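When reading the values below, keep in mind they use all heavy atoms of this one structure, side chains included, and skip hydrogens, waters and symmetry mates. Note that the structure is a prediction, hence the values are computed from the model and not measured.
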Amino acid sequence: MSERTMNPETPGTPESPGVPEAPEVSGTPVAPEMPVAPEAPHAAAVPLSPTPPRPPRRVLRAVARWTAAALVFGLLGTGTAFGIASLERTDVPGLATEGDGRWDYPKLSLPALPAGKPRPFSTGNPAEIHHADLRELLLPAPAGAKPDKKLTGGWISTETFLAAYRPQNRESVAQLLKDAPPRHIAARGWTMPDGTVSRVYLLRFNSTAFASGLIDDLNVGSSAGTPLDRTDTMRFDDHWGSDNDIENLSSFVFEEQAPFGAEHVRQAYTLAGDTVALIVHERPGKREAARVPFQQTVILQNQLLA
């Protein structure tokens, strides 16, 4: 699997090729003249069937020109439609999306699996276990990002993960992780040029029951659950639709409601079999953390887990 953010320049509209005019006929062959028989005297006039007049020659030429033009433009239109159908969205002028604020992530690929081990949601893996190295399932940082020195993409301690929550809530979350300890926790963080801080945490448990149990115990679902650090009132992100969901995964996406404090926060939990992902974007100041790159981050991370 690979993902790319979907940055082409809009090409000019090609000029239609000229359509040659139909060649003008110099003349119509005329049959040789035959002797005209003299009219019989007192012959009665016999009415003849009316013969429709031939259209003027210039009308015929105009019809020929328009017919040829219609054929040429029809072929051009068919070719253009076929070309658009075979292109990526970002390659089509007018449908490009490079200006919507999304980040430039590197090309993604799934990590190699241990010999004989299936993917988490394949028919040979009813327990939905991720056998790949959890660190290799972390989304890489996009272009222009400054890496977080503490969240480098490797293993982290439970204490480091607990720092994502409000100080007064860390003890209760710590107890949850003692009751159902994760096998591993991996995390990566970075800061973008606009000041947006991104953090991605992956927690893998011994079974899907423990992973879903953490989501339930954090009260994630009907609400954003146990509050994260530096957050105020969180609400569902109404712009996250079912078309963003990925089969076999459950995502819960929230945004901080205005008025917010010193930063604006967006957060999402994803339940993926035996693994829970927590994705956080926060932007200091009075401007909101941009929705498009946040949803892009969630979708790409989900694709790696699926």
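- The CD atom of Glu263 sits 15.5 Å away from the CZ atom of Arg287 when rounded to the nearest 0.5 Å.
- None of Leu218, Asp217, Thr158 except one satisfies the side chain to side chain contact (heavy atoms under 4.5 Å, CB included) rule with Val173; the exception is Leu218.
- Heavy atoms of other residues, nucleotides or ligands lying less than 6.0 angstrom from CZ of Phe121 number more than 12.
- A single hydrophobic cluster is seen to contain both Phe236 and Tyr269, as judged by linkage of ILVMFWY side chains at heavy-atom distances under 4.5 Å, directly or through other members.
- You'll find the side chain of Phe254 stays beyond 4.5 Å of the side chain of Arg235, heavy atoms only.
- The two atoms that bring Glu256 and Gly261 nearest to each other are OE2-N, 4.3 Å, heavy atoms only.
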Quick one, Thr226 with Asn219, criterion side chain to side chain donor-acceptor pair (under 3.5 Å). Give me CA distance, side-chain angles, the key distance, then yes/no. CA-CA 7 Å; Thr226 303; Asn219 297 314; 5.2 Å; no
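- A continuous path of ILVMFWY side-chain contacts below 4.5 Å connects Leu249 to Phe294, so both sit in one hydrophobic cluster.
- The cluster map of Ile, Leu, Val, Met, Phe, Trp and Tyr, joined by side-chain heavy atoms under 4.5 Å apart, puts Leu162 and Ile215 in the same cluster.
- Contact annotation: the side chain of Pro293 never approaches that of Thr196 to less than 4.5 Å [non-hydrogen atoms, C-beta and beyond].
- Without hydrogens or angle criteria, Glu288 side chain to His264 main chain gives no donor-acceptor distance under 3.5 Å.
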Under the side-chain contact (heavy atoms from CB on, under 4.5 Å) criterion, do Thr231 and Phe260 qualify, and how do the steps go? CA-CA 8 Å; Thr231 61; Phe260 46 86; over 6 Å; no
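- Two residues are said to be in side-chain contact when any heavy atoms from C-beta on lie closer than 4.5 Å; Thr160 and Leu151 meet this criterion.
- The CG atom of Leu278 lies 5.5 Å from the CG atom of Leu228; values are rounded to the nearest 0.5 Å.
- A distance-only check finds no donor-acceptor pair linking the side chain of His130 to the backbone of Gly273 [under 3.5 Å].
- Salt bridge status for Arg102 with Asp100: present, with a side-chain N to carboxylate O gap under 4.0 Å.
- To the nearest 0.5 Å, atom CD1 of residue Ile185 and atom CG of residue Leu203 are 4.5 Å apart.
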Give the intermediate values and the outcome of side-chain contact (heavy atoms from CB on, under 4.5 Å) for residues Val253 and His239. CA-CA 9 Å; Val253 183; His239 292 81; over 6 Å; no
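- The line from CD1 of Ile129 to OG of Ser207 is 7.0 Å long, rounded to the nearest 0.5 Å.
- At a cut-off of 3.5 Å, with distance as the only test, no side-chain donor of Asp274 or Thr208 sits close to an acceptor on the other residue.
- Between Pro142 and Pro106 the shortest heavy-atom distance is CA-CD, 4.3 Å.
- What you find for Glu136 and Ala112 is that their closest heavy atoms are OE1-N, 4.4 Å.
- Here the shortest heavy-atom pairing between Trp190 and Ala145 reads CD1-CB, 3.6 Å.
- Looking at Thr152, its side chain never comes within 3.5 Å of a backbone N or O of Lys149 through a donor-acceptor pair.
- With rounding to the nearest 0.5 Å, the separation of CD in Gln301 from CG in Leu137 is 7.5 Å.
- With hydrogens and angles disregarded, no donor-acceptor distance shorter than 3.5 Å links the side chain of Asp237 to the backbone of Glu255.
- The side chain to side chain contact (heavy atoms under 4.5 Å, CB included) test with His131 singles out one residue from Pro111, Pro114, Pro120, and that residue is Pro114.
- Scanning both residues, Leu138 and Gly153, for their nearest heavy atoms gives CD1-O, 3.6 Å.
- The pair Arg170-Asp229 meets the salt-bridge criterion, since a charged nitrogen lies less than 4.0 angstrom from a carboxylate oxygen.
- Looking at heavy atoms from C-beta onward, Val276 lies out of side-chain contact with Arg204 at the 4.5 angstrom threshold.
- Between the Ser122 side chain and the Pro118 main chain, no donor and acceptor come within less than 3.5 Å of each other.
- Two rings, from Tyr201 and Phe161, have their centers less than 6.0 Å apart.
- Between Thr275 atom OG1 and Arg183 atom CZ the span is 9.0 Å, to the nearest 0.5 Å.
- Both Leu214 and Tyr165 belong to a common hydrophobic cluster when Ile, Leu, Val, Met, Phe, Trp and Tyr are linked at side-chain heavy-atom distances under 4.5 angstrom.
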Given the rule in the side-chain contact (heavy atoms from CB on, under 4.5 Å) test, do Arg199 and Ile279 qualify, once you have shown the distances and angles that lead to the verdict? CA-CA 6 Å; Arg199 290 175 280 124; Ile279 302 167; over 6 Å; no
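- Environment of CD in Glu171: sparse, with no more than 12 heavy atoms of neighbouring residues, nucleotides or ligands closer than 6.0 Å.
- Residues Leu202 and Ile299 are members of one and the same hydrophobic cluster, defined by side-chain heavy-atom contacts under 4.5 angstrom among Ile, Leu, Val, Met, Phe, Trp and Tyr.
- The heavy-atom pair separating Ala180 from Phe205 by the smallest distance is O-CE2, 3.2 Å.
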For the pair Asp148 and Lys150, evaluate salt bridge (Lys or Arg N to Asp or Glu O under 4.0 Å) and give the outcome as yes or no after the intermediate values. CA-CA 6 Å; Asp148 188 313; Lys150 294 182 179 180; over 6 Å; no
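- Looking at His281, Arg266, Arg283, Arg188 one by one, the single match for side-chain hydrogen bond (donor to acceptor under 3.5 Å, both in side chains) with Ser198 turns out to be His281.
- Between the Glu282 side chain and the Gln267 main chain, no donor and acceptor come within less than 3.5 Å of each other.
- The number of heavy-atom neighbours closer than 6.0 Å to CZ of Arg166, taken from other residues, nucleotides and ligands shown, is above 12.
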